[in-house]
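In each ligand, atom 1 is the first atom listed, and ligand 1 is the first ligand listed. Atom set for the values below is all heavy atoms of this structure, side chains included, hydrogens, waters and symmetry mates excluded. Not measured: the values here are computed from a predicted model.
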Amino acid sequence: MRILFVGDVMGNVGQDAIETYLPKLKRRYKPQVTIVNGENATRGRGINQEVYKNFLTAGADVITMGNHTWDNNEIFDFIGDAKKLVRPLNFPAETTPGVGYTILKVNAEKLAVINLQGNVFMGQNLANPFTTVKPVVDELRQQTANIFIDMHAETTSEKEALAWYLDGQVSAVVGTHTHVQTSDNRILPGGTAFLTDVGFTGPYNGILGMTRENVISRFLDQMPTRFNVQEDSPAVLSGCVIDLDGKTGHAKKIQRVLINPDHPYFDD
Ligand SMILES: [Fe+2]
């Protein structure tokens with residue numbers, strides 16, 4: 001089983017990059033499952049139904065989220081029916097709309113996709129992602145050994161610790177949120193694919209996708225500024241491709257995908 005995962009799609013530049021490159025990447029890599037993190041899709045904060053549908057039309061099978069899940073109020077209009085949208089599992093179970101994982105049929109096999117949010121430097125204290133996900137993984141493994149986790153977190157250590165904690169019990173732990181792709185893609189000894197952060201998809205010439213002036217001015221003046229997406233910029237698309245043994249759930253390979261003006265996409 002092959003999975004294509006594309007990181008944090010941000011603003012119009014990111015949405016356009018999905019429309020342009022996702023079909024091309026699907027033709028090139030031929031994944032059975034395509035997962036897109038869409039938590040920054042509308043103006044950097046959240047997602048609405050139109051964009052959710054556009055991502056599915058462009059070829060995504062599942063959309064994962066993160067700390068900006070609720071920042072676009074329009075999500076409350078459709079999350080109850082959005083079967084392919086997964087928000088962090090560790091929000092309060094009783095009161096949070098939507099789901100924290102979903103199970104896809106992939107030919108004769110299944111893949112579970114879980115979204116988790118880290119707790120370190122995230123400005124929010126959700127349930128412990130480690131102790132929340134463990135019983136869910138144990139339960140899911142009764143149905144399938146193929147489990148993918150998008151761990152939306154700030155710190156390298158929290159993401160790496162989760163991957164080692166679940167090594168051999170899930171197929172992949174891939175980090176999102178920091179918007180910069182790391183180069184530590186590897187398979188842990190138990191068979192779990194790991195990448196600290198897949199990187200983002202959006203404006204290449206912003207600061208993590210936000211307008212440079214506003215971010216720089218906050219560092220200079222220490223005054224609160226409203227961050228907006230840097231829309232006048234070429235795009236970056238960041239992703240990874242993971243190959244699994246669909247029977248054991250163990251990962252065989254994880255490779256990075258990066259398209260930007262310094263690493264242009266060439267048609268085959
Ligand atoms: Fe985030």
Using the test salt bridge (Lys or Arg N to Asp or Glu O under 4.0 Å), find all partners of Asp138 that sit at least two apart in sequence or belong to another chain.
-> Lys134

Would Asn67 and His177 count as a side chain to side chain donor-acceptor pair (under 3.5 Å) if you check the C-alpha gap in whole Å, the side-chain angles of each, and the deciding distance to 0.1 Å?
-> CA-CA 8 Å; Asn67 57 307; His177 179 68; 3.2 Å; yes

Give me the protein N, O or S atoms that fall under 2.8 Å of the Fe ion (ligand 1), sorted by chain and residue number.
-> Glu39 OE2, Asn67 OD1, His152 NE2, His177 ND1

For the pair Asp245 and Lys252, find out whether any cationic side-chain nitrogen is under 4.0 Å from an anionic carboxylate oxygen.
-> no

Is there a donor-acceptor pair closer than 3.5 Å between any side-chain N or O of Thr69 and the backbone N or O of Gly66?
-> yes

side-chain hydrogen bond (donor to acceptor under 3.5 Å, both in side chains) against Tyr204, all qualifying residues, sequence neighbours excluded | Asp262

Using links of under 4.5 Å between side-chain heavy atoms of ILVMFWY residues, direct or through other members, which residues join Phe121 in one cluster?
-> Val120

